[in-house]
Amino acid sequence: MADDKGRMLGEIRRRFKEQYLPDKSDKYDSRDVERLQKDDSWVESFLLWRHNVVDDALKMIDDSFQWRKEFAVNDLSESTIPKWCFETGAVYLHGYDKEGNKLFWFKVKLHLRDAKTHMEKKKCVAFWLERYAKREPGKPVTVVFDMAESGLSNIDMDFVRFIINCFKVYYPRYLSKMVIFEMPWIMNAAFKIVKSWLGPEAINMLKFTNKSEVQEYISSEYLPPHMGGSDPFRYSYPPLPDDDFQTPMCENGPIASEDETETKDEVECEVRDGVGCNQSDEQLTKPKKVNCTDELSKHEECEKADSKSKHSKKALTTFKGSLLHISPAEELHFGSKESGERKCLILLTNVTKNPVAFKVRTTAPEKYRVKPSNSSCEPGTSLDIVVSLHGGFSASPQDRFLVMAAEMDQSSGTGSLELSQFWKEVPRNLVMEHRLLCHVVESSKPVSLLLKENVNSPAKTNEDLYFKMTQLLEMNKRLEEQIQYCVWLQQLLFALVALLIVIMFFAYVL
């Protein structure tokens, strides 16, 4: 199978070079042509989307490349798109569906048909798709058409067709599904046309929903209140919203981070609680100049010892970036509500000759404490970051973490004001970014055993006691719901028996 795939990829490249490139080289961007020769996954995406038919894949590549040259997709940036396209908030990326796919939002009520601005709106969509494809190559998105409060004046069939063609031709295999929320009945005929554009292979990707059905595909944490959700996010521009890691907004602006609202003593106490290895206070509060390999080996030993008792963590891996080495490399492991593991450790090691400023952001800032979340790391030193769940929240596989790092001058200050000014001025192309997924480890123990352990094992801190009490209350609540359901079934059964007796009585009398 692998040999067949390699053969077809080679045939596509050869035939494209021989049959298409000589006559249409001026219609292609040379960067796309070069990428076609080097990027196997890109070529394979066209081939798989066309069901491994080489002729169809070549036609699709030709159409896609001509479109990319016409729209200058490789050169699209925030500065090349009119500012009003971002200010309206009609198109943006934010949140995830229940399968972990990015949500691509279209606020239909904010879109008005206007031939004069048609091209700018299309380029704005292309900008967001290309931006996402470069950040998350090969990962599909879920398109959400939010049609609440929209009418005929908001429907632009040519624009809708452009969006569909983006996924059918220009960005193959990027579409997970299309969720259409509260489509007015008067537009039923229009969306029958949309179905024909999608084609039979993609017709099952259309999901028509209302307020009571949309949570089948998107959890409430990523739905706005008018869709029955609890997401506090509010689109605003400038600056351009980060399409992965948003800060929730309140009436008076961004919610303050935990680092700004807690005292130094509380932070140090939380760090000591969250670290599994035995370390002194001085080691926790001060970065120490150490050999990078020695420090990583210590954490590996700690991780191995911890895995013997918990059976839930993988061996520690390291992402070796240009500025920082980051451990773990891919996933932070949190426990389920039953297993109760609520803290994780991220180790940052500065491998440069200058201080490195860093930020740690998350897609769910209301759930997690990150300490420190915005600081710096001296040359040759390592720094522990504790990520912990707080309140009654539980981790979700859809949650993501982003570590951002940028090299500073030796003369630069590392205070909060200096760091704030530094992040405002540093160019985006000099910022190293690394993403971490969230892995939830389910408990292998039965609830009855967990309940016994929660009751018998002594709590180490008031916080541990609070979490255990929360678990007990949750278990009690589930038991009460089951009892109420049983009582309801019993009452229903009694009513049905009584009705049956009455019917039999009348049948006997008559």
Side-chain angles (χ1 to χ4, degrees), residues 24-39 41-43 45-46 49 60-94 101-107 110-112 114-145 156 158-175 235-246 402 404 426-431 433 435:
K24 297 183 179 181
S25 59
D26 59 328
K27 296 182 179 180
Y28 301 147
D29 188 318
S30 60
R31 289 167 289 185
D32 292 331
V33 175
E34 183 180 356
R35 182 185 172 190
L36 184 75
Q37 300 301 322
K38 297 179 179 179
D39 192 342
S41 61
W42 200 30
V43 183
S45 66
F46 288 102
W49 194 245
M60 191 176 182
I61 291 171
D62 175 43
D63 292 340
S64 178
F65 279 22
Q66 291 192 52
W67 172 80
R68 292 178 66 86
K69 177 68 178 290
E70 179 187 354
F71 276 71
V73 173
N74 288 314
D75 297 314
L76 287 177
S77 65
E78 188 179 351
S79 61
T80 62
I81 305 294
K83 189 177 179 181
W84 62 263
C85 288
F86 298 117
E87 289 176 334
T88 58
V91 181
Y92 59 89
L93 287 154
H94 170 65
N101 301 314
K102 195 71 187 174
L103 298 178
F104 192 15
W105 292 87
F106 289 86
K107 296 284 187 179
L110 300 177
H111 176 85
L112 295 175
D114 186 353
K116 296 179 181 179
T117 61
H118 206 64
M119 183 56 71
E120 286 83 357
K121 291 175 182 177
K122 288 182 177 180
K123 286 189 175 183
C124 184
V125 173
F127 164 81
W128 280 110
L129 283 173
E130 186 69 10
R131 174 182 168 90
Y132 176 78
K134 288 179 178 178
R135 287 191 170 206
E136 304 287 355
K139 293 186 179 180
V141 298
T142 291
V143 174
V144 183
F145 284 105
D156 187 340
D158 183 57
F159 187 65
V160 173
R161 186 167 193 169
F162 170 79
I163 296 169
I164 291 173
N165 278 338
C166 282
F167 293 103
K168 281 190 65 177
V169 181
Y170 314 137
Y171 293 89
R173 301 190 71 203
Y174 269 91
L175 180 62
Y235 180 91
S236 63
Y237 179 85
L240 187 67
D242 190 316
D243 62 354
D244 283 321
F245 300 86
Q246 302 285 0
L402 173 69
M404 303 170 64
V426 64
R428 185 63 184 265
N429 64 330
L430 298 181
V431 178
E433 294 185 355
R435 288 161 173 74

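Just so it is clear, the values below take in all heavy atoms, side chains as well, and ignore hydrogens, waters and symmetry mates.
Within the model, atoms CE of Met119 and NZ of Lys123 stand 6.5 Å from one another, a figure rounded to the nearest 0.5 Å. In this structure, CZ in Arg173 is found 10.0 Å from OG in Ser41, a value given to the nearest 0.5 Å.
Using bins of under 30°, 30° to 60° and over 60° for the plane-to-plane angle, the ring pair Phe65/Trp42 lands in the parallel bin. Between Phe162 and Trp67, the angle of the ring planes lies from 30° to 60°, which puts this pair in the tilted group.
Residues Glu34 and Ser30 have side chains not in contact (no heavy-atom distance under 4.5 Å, counting atoms from C-beta outward). At a threshold of 4.5 Å between non-hydrogen side-chain atoms, the residues His118 and Asp156 count as touching. Side-chain contact between Val143 and Phe167 is present, with at least one heavy-atom pair separated by less than 4.5 Å.
When atom types are taken as modelled, the side chain of Tyr235 and the backbone of Ala90 share no donor-acceptor pair closer than 3.5 angstrom. Judged by distance alone, with hydrogens and angles left aside, the side-chain atoms of Lys69 form a donor-acceptor pair with the main-chain N or O of Asp26 at under 3.5 Å. In this structure, the side chain of Tyr237 does not engage the main chain of Cys85 through any donor-acceptor pair within 3.5 Å.
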Subject >> Chi angles and distances behind the side-chain contact (heavy atoms from CB on, under 4.5 Å) call for Gln66, Lys24 >> reply: CA-CA 9 Å; Gln66 291 192 52; Lys24 297 183 179 181; 3.6 Å; yes

For this session: Before giving the answer on side-chain contact (heavy atoms from CB on, under 4.5 Å), spell out for Val141 and Tyr171 the whole-Å C-alpha distance, their side-chain angles and the decisive distance to 0.1 Å.
Result: CA-CA 11 Å; Val141 298; Tyr171 293 89; over 6 Å; no

- Message: What verdict does the side-chain contact (heavy atoms from CB on, under 4.5 Å) test give for Phe127 and Phe71, after you've listed the backbone C-alpha separation in whole Å, the side-chain angles of each residue and the deciding distance to 0.1 Å?
- Response: CA-CA 10 Å; Phe127 164 81; Phe71 276 71; over 6 Å; no

Review point. After noting the C-alpha distance and the side-chain angles of Asp62 and Tyr28, does the key distance pass the side-chain hydrogen bond (donor to acceptor under 3.5 Å, both in side chains) rule?
Key: CA-CA 9 Å; Asp62 175 43; Tyr28 301 147; 2.5 Å; yes

- Can Glu130 and Asn74 be said to form a side-chain contact (heavy atoms from CB on, under 4.5 Å), step by step? CA-CA 8 Å; Glu130 186 69 10; Asn74 288 314; 4.0 Å; yes

request  = Apply salt bridge (charged side-chain N to carboxylate O under 4.0 Å, His left out) to Asp29 and Arg31, showing your working.
outcome  = CA-CA 5 Å; Asp29 188 318; Arg31 289 167 289 185; 2.9 Å; yes

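Listed by first and then second residue, the side chain to side chain donor-acceptor pair (under 3.5 Å) pairs involving residues 79-89 are Ser77-Ser79 (not counting sequence neighbours).
With a 6.0 Å radius and a threshold of 12 heavy atoms from other residues, nucleotides or ligands, Lys134 has its NZ atom above the threshold.
At a threshold of 4.0 Å, the pair Lys122-Asp158 counts as salt-bridged, since one of the basic side-chain nitrogens sits closer than that to a carboxylate oxygen.
A ring-ring contact (aromatic ring centres under 6.0 Å, His included) with Phe145 is found for one member of Trp105, Phe104, Phe106 and no other, namely Phe106.
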